[in-house]
Number of protein chains: 2
Amino acid sequence: MKARTETKEKIVELGTDLMKSIGYPSLSYHQISCKLGIKNAAVHYHFPSKESLGLEILTDAIISFEEVIFNVSGLGSWEKLDLFFKNYRRHLESNNKICLIGASASDYQELPESMQTAATEYLVLVKGWFVELLDKGRKEGNFHFKGEPENKAAVIVSALAGGLQQARLIGNAHFDGIVNQLKEDLKP
Amino acid sequence: MKARTETKEKIVELGTDLMKSIGYPSLSYHQISCKLGIKNAAVHYHFPSKESLGLEILTDAIISFEEVIFNVSGLGSWEKLDLFFKNYRRHLESNNKICLIGASASDYQELPESMQTAATEYLVLVKGWFVELLDKGRKEGNFHFKGEPENKAAVIVSALAGGLQQARLIGNAHFDGIVNQLKEDLKP
DNA sequence: TTGTTTACTTACTAATAAGTAAGTAATTTT
DNA sequence: AAAATTACTTACTTATTAGTAAGTAAACAA
């Protein structure tokens, strides 16, 4: 017998990768079982329904991001921003994946309700983190921008998610251009 | 017998709506035939393969946008920008659809090659239109922004496409906030 | 050492998908 | 009026999907 959750963790990992590359509706238990060298029913043993797997993929990502928030809380405004951008860009390096929020949003109508709720929670968390970062950063004189922090945060999280997707069509320089422009626009 | 292309046009129209709401992989001939009151095989008569339908959906959209470019060519920078934003926002009003570029980009890995190429062509066209609009608008003193027009165009097209998607999760105000911020950031 | 739980496999079902071959009725062309 | 084309329908195939029921071998607990 394998260590307690070894296979289960691999399923979530692979499921996350698949959701980021082909989307939740196209993700199949067959693909997962083949790549892990196990049988279809073994995946169902750990995740009885596809919904249960999809939900775990999202809740795991939420927990990971909450940990990131905690770990970077001591850094300066620009350091936080750069770290986020750098982390986000990693998606491009492994087969042009997109972020889970973007994948959930574009497939939203095909997601079970529990996943829709989790995806909303995830986006609220990420956008909220940006709102605070921008608000505090501007008050401290590190950032400059006009208007409400919420609107500026909306532009940033949407441009990043959309940028990853569009980089698939016209190349990674598109995403890098977005990051450069967003940073340029925030300089005091 | 129906008028020449009546049914065929309805299939493309409905297919476009479906691609914008559930995505190309989830779109099925069964859904189309049911909604149009015809049989599965009738859809295959007009579009032998799903790929042929998907390709026509994209090429029709490209042609439409080329017509729009031509029709607005006489307008001022801000009028063009506002018209584009207003047109884009229409997606939200009919069941939170997303744009075809966003739908193609997020499902990119699941698209046949011909559709990938068409989607790229579409994005190149839209982004290129924005690059010119921004460049000319800045030279004429109507817009203000730092850096290259291409990077600013990248931010705008990605924020809009991403914003439509994310509005599904957290509401239409998210998209409106993006539009307001983008306009605010372009004011001289 | 016996019984139970864990982590699977084997073998299946029911639903849905794209796609096809053959037939039909109306329209259009010759 | 006859022939060909158009726009379908009927009836089917093959492939893939999520999901399940029953069996099994190893590990662990009593």
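Numbered from 1 within each chain, the chains take letters A, B, ... in sequence-line order.
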What's the shortest heavy-atom distance between A:S114 and A:L55, and which atoms?
O-CD1, 3.4 Å
Contact summary for B:L133 and B:K80, nearest pair of heavy atoms:
CD1-CD, 3.7 Å
Contact string for nucleotides 17-23 of chain D, one letter per nucleotide 5' to 3', B = base within protein heavy-atom range under 4.0 Å, S = sugar-phosphate only, - = neither, reads SSBB---
Check the distance between D:dT6's P and B:I38's CD1 and give it to me in whole angstrom.
18 Å
With a 4.0 Å cut-off, would you call B:K139 and B:D135 a salt bridge?
yes
According to a 4.5 Å side-chain heavy-atom criterion applied to Ile, Leu, Val, Met, Phe, Trp and Tyr, with indirect links allowed, do A:I156 and A:L125 form part of one hydrophobic cluster?
yes
Identify whether NZ of Lys or CZ of Arg in B:K8 sits under 6.0 Å from the centre of the six-membered ring of B:F47 and within 45° of that ring's axis.
yes
When you check the gap from the basic side-chain N to the acidic O, do A:E148 and A:K152 get nearer than 4.0 Å?
no
Hey, mind stepping through B:V43 and B:L36 against side-chain contact (heavy atoms from CB on, under 4.5 Å) and telling me if it holds?
CA-CA 10 Å; B:V43 185; B:L36 294 184; 6.0 Å; no
So if I take residues 106-115 of chain A and measure heavy-atom distances to DNA chain C, which residues fall below 4.0 Å?
none
Check the phosphate of C:dT6 against A:H46, side-chain N and O only, distance under 4.0 Å to OP1 or OP2. Yes or no?
no
So is A:K50 actually on top of A:Y24's ring, under 6.0 Å and inside 45° of the axis?
yes
Taking NZ from B:K8 and P from D:dC8, how many angstroms apart are they, rounded to a whole number?
12 Å
Stacked cation flag B:R138 on B:F145, 6.0 angstrom / 45 deg:
yes
Does OP1 or OP2 of C:dA7 have a side-chain N or O of A:T7 closer than 4.0 Å?
no
Can you establish whether the number of heavy atoms outside A:E140 located under 6.0 Å from its atom CD is more than 12?
yes
How would DNA chain C look in dot-bracket form, 5' to 3', counting Watson-Crick and G-U wobble pairs with both distances under 3.5 Å and writing | for bases paired to another strand?
||||||||||||||||||||||||||||||
Which of D:dA7, D:dT10, C:dT9 is nearest the side chain of B:K39? It is D:dT10
Assign the ring pair A:W129 / A:F84 to parallel, tilted or perpendicular, where the plane angle (0 to 90°) is split at 30° and 60°.
parallel
Does A:Y45 put a side-chain nitrogen or oxygen below 4.0 Å from OP1 or OP2 of C:dA7?
yes
